[in-house]
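Throughout, a chain's letter reflects where its sequence line sits, starting with A, and its residues are numbered from 1. It should be emphasised that the depicted structure is a prediction, and the values quoted were computed from it without experimental measurement.
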Amino acid sequence: MAIEERVVAVQRGETEEYAHIVKAYQQQIFVYCCRLMGSQDEAEDAVQDIFFKGYSAIKSYRPTVSFNAWIYRIAYNHCLTLMRRRQAHTRLQWLFKEDSVTESPEDRMVKQVINEPLAAELSRLSPYERSLLILHVFHDKTFVEIGEMMDKSPDAVRKKVSRIKCQLKQALKQWEEEKQWRTQPAWMRMRS
Amino acid sequence: MGGGKTMANTTSVDENEKLKAYALKEEELHKIEVTDKVMERIYKMESSRAKVNTRPVKRTMLLTSLMVVLASLTAFAAAEWVQIRNSAGQIILTTEEAGTDSVSDINETMDAYMAQAQASLAPGEMAAYYVKDEALNSYDPINRLRIIFKTTMHASYQNYLAEIERTSAPKLMQPDVLPEGFQYASGEVVPLAPRPLPPGEDDNNEYDLLLERLIAKADASASNEKLFIEQVQWTEGDGAKLTFSNGETDLFIWASRGLGASIPQANGSAAQKVQIQESEAIYIKAGSSEPYTNQLVWMDERSGIIYTIKDNTGSHLIKEDLINIAESMIASNT
């Protein structure tokens, strides 16, 4: 059965069909969340919440956008909430001067999902820009699909992604040059 | 024409492949399986809905059942948080799992930088700082720019009130009712700090400009310096805090503006909803690992101010003491 047919079945009340939808999307949504939030552990928790939210809202889904775009949109908004909550906790800690209010990093052992130097450059992007890049580069989504997910025109997405990639290219080029310099023998560096 | 488009696509694909080379491959990430856990939550929710919809239910029986449910909330289950909704049905206050204290290298590093930045401030000053450390910034990309503030503790209540007035901070006044023996100890006002805009809104705001400037400074620096600080001028207050003491126990009251709050609830602590006049509040009796004994949180929907009352460990105060304080505050605000 196609995903869209399963969605209609769930909307009709056949709850068990939702399990097939979760199975179909869980890994790709997990990978997306990993790259967006930079943490595999946080991403795994987020995936469960995302699918639960998806089920809770599924009766309101209309095929004006693809189901794929719809579930990614839920994923993006949920990750954003988590990232903001991290930020809010930092703010609360500062407001209330209580270290215990801070969300602990214990459960947030960050496993680098992106090796440096890309991690460093991605960390300079806003969550929105990071999401665009991740969807385009790592999830091979078209600008039309990304536009549906982020509620932007494909052209706006294309321009933004192009600008981000240009930025990244410059930064990575510089990193490569520095890496080459660092790995050259000392006598060669002195000559150049 | 088609050839041009094809060439552009090929270039884009090549660029993407180059970028992918810098990232972990998908096969190197975990394989997850969450279907059963998700479906379990869904079936649990559906089951609760079915019970609520059962008819007929006598009003008194339903109320009694609800009271039993509310009163029986003790140790929490992962998905069962105490929540309060506003008149539009949106969650405004919720408890959530508290993080446990953990020492990790990155945390220690972050704390050290914060202390260093804080030491550069005089009371009443606010600053933003950026740390030129890729590991740290990758760990917490959202908080690359951090804001710190050195508070002014007003020993005089009148000076505190003047500061509230000067900065248009939430008007947190001394409650009419306090437990016996408690007196004003200090008052503080916390400034409105620069914040990032929601995604998609790319207009440069103060937060973005600060971050840009500090990153540029860091990039341009040839030295081994890691910490880059810029003082931030402020005129508007975002929160206020009052401290009362009876010589043994401290009592704190905060007021801050917000759309809602998530209240950390650690293992061993017990949360419940309580009614204070027309308002609902969340009361938490702390477990043994918490740095407080009692906590009460509520939101004044009209003003958009969240109030928190908390004491410290070893306090002999009880839930009703905090409720009495809250009642007097709510009565003063109406």
Side-chain angles (χ1 to χ4, degrees), chain A residues 15 18-19 22-23 26-27 30-31 34-35 38 40 44 47-48 51-52 55-56 80 83-88 90-92 94-98 100-107 110 112-120 122-124 126-128 131 136-138 140 150 152 165 168-169 172, chain B residues 12 15-16 18-20 22-24 26 29-39 41-43 45-46 98-102 104 106-107 134 137-144 146-149 151 190 193 195-196 198-200 202 215 238-239 241 252 254 256 258 261-262 264 290-291 308:
Chain A
T15 303
Y18 195 71
V22 175
K23 269 211 181 327
Q26 60 184 345
Q27 190 62 27
F30 169 68
V31 170
C34 273
R35 300 200 194 277
Q40 293 196 59
E44 188 158 347
V47 167
Q48 291 186 47
F51 282 111
F52 186 72
Y55 177 82
S56 302
L80 204 63
M83 292 189 282
R84 276 181 184 162
R85 190 177 293 169
R86 205 190 292 167
Q87 198 173 32
T90 305
R91 181 173 156 256
L92 271 177
W94 168 55
L95 274 177
F96 296 164
K97 287 188 180 301
E98 285 184 347
S100 63
V101 174
T102 312
E103 186 177 61
S104 164
E106 179 180 332
D107 299 320
V110 172
Q112 287 280 36
V113 296
I114 293 167
N115 295 328
E116 69 156 11
L118 194 58
L122 283 186
S123 73
R124 294 173 196 264
S126 70
Y128 170 67
S131 178
H136 176 66
V137 171
F138 297 100
D140 298 322
M150 308 300 285
K152 298 283 178 191
K165 281 163 73 172
L168 282 181
K169 234 169 49 173
L172 290 172
Chain B
S12 181
E15 283 174 346
N16 289 356
K18 280 182 186 160
L19 285 172
K20 279 181 187 173
Y22 288 97
L24 278 183
E26 235 176 82
L29 297 171
H30 292 160
K31 285 279 178 287
I32 65 158
E33 177 48 70
V34 299
T35 313
D36 288 345
K37 286 182 192 166
V38 171
M39 295 312 291
R41 270 174 83 176
I42 288 172
Y43 287 129
M45 176 183 72
E46 293 292 9
T100 51
D101 283 338
S102 142
S104 73
I106 281 191
N107 257 352
E134 283 176 6
N137 290 324
S138 297
Y139 171 77
D140 194 5
I142 298 297
N143 294 311
R144 288 172 295 155
R146 291 163 190 273
I147 310 288
I148 42 162
F149 171 67
T151 191
V190 176
R195 281 171 228 183
D202 287 336
I215 289 177
D238 194 31
K241 177 184 173 187
F252 311 99
W254 288 268
S256 62
S262 299
E290 294 293 286
T308 305

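- Of the inter-residue distances, the one linking A:F30 atom CZ with B:K31 atom NZ reads 9.0 Å to the nearest 0.5 angstrom.
- Between the OH atom of A:Y18 and the OH atom of B:Y43 there is a distance of 12.0 Å, given to the nearest 0.5 Å.
- Taking every heavy atom of both residues into account, A:V47 and B:V34 meet most closely at CG1-CG2, 3.8 Å.
- Taken to the nearest 0.5 Å, the CD1 atom of B:I32 stands 5.0 Å off from the CD atom of A:Q26.
- Judged purely by atom type and a 3.5 angstrom limit, A:Q48 has no side-chain atom pairing as donor or acceptor with the backbone of B:K37.
- A:Q27 contributes a side-chain N or O that, together with a main-chain N or O of B:H30, makes up a donor-acceptor pair within less than 3.5 Å.
- Taking A:K169, A:H136, A:M150 one by one and counting their heavy-atom pairs under 4.5 Å with chain B, the maximum is reached by A:H136.
- The contact between A:K165 and chain B is made entirely by side chain atoms (from C-beta outward), counting heavy-atom distances below 4.5 Å.
- Atoms CE and CZ, from B:M45 and A:F52 in turn, are 4.5 Å apart once rounded to the nearest 0.5 Å.
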